[in-house]
There are 2 protein chains.
Amino acid sequence: MRSGSHFAQTASSNPLVNSPCEKCNVAGMSLCHALSCDDLKKLSSISTAVEVGKGVTIINEMDPADFLFNVTGGSIKLYKLLPDGRRQMTGFLFPGDFLGIAMNDCYAYSAEALEDCKLCRFPRAKLEALLKEIPDLENRLLNMLSNELVLAQDQMLLLGRKTAIEKVSSFLLALSKRTKSKTGTGDVISLPMGRSDIGDYLGLTTETVSRTLTNLKKKGIISIPTNGQLEINDMEELTDLAEGMD
Amino acid sequence: MRSGSHFAQTASSNPLVNSPCEKCNVAGMSLCHALSCDDLKKLSSISTAVEVGKGVTIINEMDPADFLFNVTGGSIKLYKLLPDGRRQMTGFLFPGDFLGIAMNDCYAYSAEALEDCKLCRFPRAKLEALLKEIPDLENRLLNMLSNELVLAQDQMLLLGRKTAIEKVSSFLLALSKRTKSKTGTGDVISLPMGRSDIGDYLGLTTETVSRTLTNLKKKGIISIPTNGQLEINDMEELTDLAEGMD
DNA sequence: CGGGCTTTTGATCGTGTTCAACGTCGGTGG
DNA sequence: CCACCGACGTTGAACACGATCAAAAGCCCG
């Protein structure tokens, strides 16, 4: 099955209609950040808006990397698998994030929608051609990749050297920081992913994630009003825990 | 102490003499890959050849990222630290590799020479200016970063989900693959780093690395003629072990 | 309500860590 | 030259953290 068949296109085949970059909610925080009006039109002309439902697999590890994506709505999980089924999440994506890193023209990981998602899709070949045409775009991509690489290195430190409570605390803090940078406050964060997704992101089991969250609740550092939402009551303490300062 | 003071410059202040890109041993496998003669000269004009002795700290996590480097000789370890001293290696660099990824203008990790090293140093500001001037260079950097990111994700899978023997096997295989791509054969690999460096790369202790290597020796899969050198006798078996196919 | 899923909690187990001692190698100075 | 020393590597025994196995509780959606 071609990966394209997963997608429901949201508009006609007129790409300008399909890609209303002008009223895009993530413009300025994403790939299109700081592009001139003219360049934006070019980018717009090769993009297609697509929507995917919760649980849909957007890309598959090892499939040919024909498309790249910009997340404009919803959230996505990225993961890699071992032959026996063990899974490692490599990241969670939210609006503004970029999707589709490849090696040898094949995707390096699989991606699945955690909620109903909106995406901006670019054919790989066309985007690469555009990169050569618009240096600002290439520069923007370079910066995004640098940042991702730095985050990946932080994650290595977490996976290789942190304890369960440090891992969970770091994870919550990272989500909080992210939320804060968008909404202004990071005290209440949304957890669209399940415990087992979190476990696979942190190199833990669901049980350990659950126990650790319960532990943090008992200490009064966090509250969990509903699954899917979490409140941080003591940011200082959580920060200390995340770095092992205890 | 400024990080620059660690370096011994190898030639006069004439940058063209300092940067003999023409006879560079890593040309074509590095940043300068596939640059036109003209562009190479521009790159050359902003670079300085430096040498560092074994054990010297080349860059420090959180220091301002004033320079970027290209490794032209020797090997380097990259690492991040937690406040209490726990350490995570984020990578080992060999000739042809690029060094100096930053976030917020500060280095994201520290780097230390495993052996006497030769480096090609670029002032950050000048290299960034050159990137805008030479799209091919920016494109090249983009590709290198993509590859690094894919490798970082492989490492996350390793750190989060693999067992000790799978980690060590994967590590040896990666070194072997790398050696093979340069020298043609990957059966004998050099291990310029110590056991504790390997442990910190794989999220293990020195003891566990040592025990696991002994284990592989007893099974006849590897031999260790001298520390610093390792021979792979059964590549198939090692490959299976690396992915948990046993 | 009822059914199936996710989450939580409990008890036991095992891999890798920790702590400790010993072995090995290489360099230095007597 | 080799005896000494310190760093690194190996091996052993006990421990601990998180995994695994199992079951109960909660939640969402029909």
Side-chain angles (χ1 to χ4, degrees), chain A residues 53-55 77 82 84-88 112 114-116 158-172 191-219 222-230 241 244 246, chain B residues 53-55 77 82 84-88 112 114-115 158-172 190-219 222-230 241 244 246:
Chain A
K54 178 175 176 173
K77 62 183 179 191
L82 282 173
D84 63 3
R86 277 173 289 171
R87 191 176 63 159
Q88 176 67 43
E112 184 185 320
L114 285 166
E115 321 165 87
D116 291 350
L158 178 148
L159 289 169
R161 289 303 180 210
K162 289 191 180 179
T163 65
I165 195 164
E166 289 163 5
K167 285 177 174 180
V168 172
S169 302
S170 300
F171 173 66
L172 296 179
L191 293 179
M193 67 294 286
R195 298 287 182 271
S196 111
D197 290 338
I198 298 175
D200 283 345
Y201 184 60
L202 301 176
L204 299 171
T205 57
T206 42
E207 293 94 328
T208 300
V209 173
S210 180
R211 274 185 251 271
T212 307
L213 285 174
T214 307
N215 197 346
L216 288 172
K217 264 193 293 189
K218 279 181 185 160
K219 288 182 180 166
I222 62 167
S223 328
I224 306 187
T226 83
N227 273 349
Q229 208 161 17
L230 183 146
L241 282 174
D246 267 52
Chain B
K54 177 175 177 173
K77 62 183 180 191
L82 283 172
D84 62 4
R86 277 174 289 172
R87 189 177 66 157
Q88 177 66 43
E112 184 185 320
L114 285 166
E115 322 164 87
L158 179 147
L159 289 169
R161 288 304 180 209
K162 289 192 179 178
T163 64
I165 194 163
E166 289 164 5
K167 285 178 175 181
V168 172
S169 302
S170 301
F171 173 66
L172 296 179
S190 94
L191 292 178
M193 68 293 286
R195 298 287 183 269
S196 110
D197 289 338
I198 299 175
D200 284 346
Y201 183 60
L202 301 176
L204 299 170
T205 57
T206 46
E207 292 95 329
T208 301
V209 172
S210 180
R211 275 186 251 271
T212 307
L213 285 174
T214 308
N215 197 346
L216 287 172
K217 265 193 291 188
K218 280 181 185 160
K219 289 182 180 168
I222 62 168
S223 328
I224 306 188
T226 82
N227 275 345
Q229 206 160 20
L230 183 146
L241 283 174
D246 267 49

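Protein chains get the first letters and strands the later ones, always in sequence-line order, with residue 1 at the start of each.
The CG atom of A:Leu158 sits 12 Å away from the P atom of D:dG18 (whole-angstrom rounding). Atom CG in A:Asn215 sits about 13 Å away from atom P in C:dG10, given to the nearest Å. In this structure, the CG atom of B:Asp200 is 13 Å from the P atom of D:dC8, given to the nearest Å. Atom pair A:Asp84:CG and D:dT20:P shows a separation of 11 Å (rounding to whole Å applied). If you take CG of A:Leu159 and C1' of D:dG18, they are 15 Å apart, rounded to a whole angstrom. In this structure, the CD atom of B:Glu166 is 12 Å from the P atom of C:dT15, given to the nearest Å. Atom pair B:Leu191:CG and D:dT10:P shows a separation of 11 Å (rounding to whole Å applied). The CG-C1' distance, from A:Leu204 to C:dT15, rounds to 15 Å in whole Å.
Residue A:Gly199 is out of contact with every strand shown, counting any heavy-atom pair closer than 4.0 Å. Counting any heavy atom pair closer than 4.0 Å across all strands shown, A:Gly203 reaches sugar-phosphate atoms only and no base atom.
Applying the side chain to side chain contact (heavy atoms under 4.5 Å, CB included) test between B:Val209 and each of B:Thr205, B:Leu213, B:Thr206 identifies B:Leu213 as the sole match.
Atom CD in B:Glu166 sits 11.0 Å away from atom OG1 in B:Thr212 (nearest 0.5 Å). Summarising the geometry, atom CG belonging to A:Asp246 is positioned 8.0 Å from atom CD1 belonging to A:Ile165; distances are rounded to the nearest 0.5 Å.
For B:Lys54, the NZ atom is loosely surrounded, since the number of other residues' heavy atoms within 6.0 Å does not exceed 12.
Contact annotation: B:Thr208 side-chain N/O to C:dT17 OP1/OP2 distance is under 4.0 Å.
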- prompt: Going 5' to 3' along nucleotides 2-8 of chain C, which nucleotides have protein heavy atoms under 4.0 Å from the base (write B), which only from the sugar-phosphate (write S), and which from neither (write -)?
  reply: -----SB
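In terms of position along DNA chain C, the nucleotide closest to A:Lys218 lies nearer the 5' end than the nucleotide closest to the other residue of the pair A:Lys218 and B:Thr163.
For B:Thr205, whose side chain is taken as the heavy atoms from C-beta onward, the closest listed nucleotide among C:dG16, D:dT20, C:dT18 is C:dT18.
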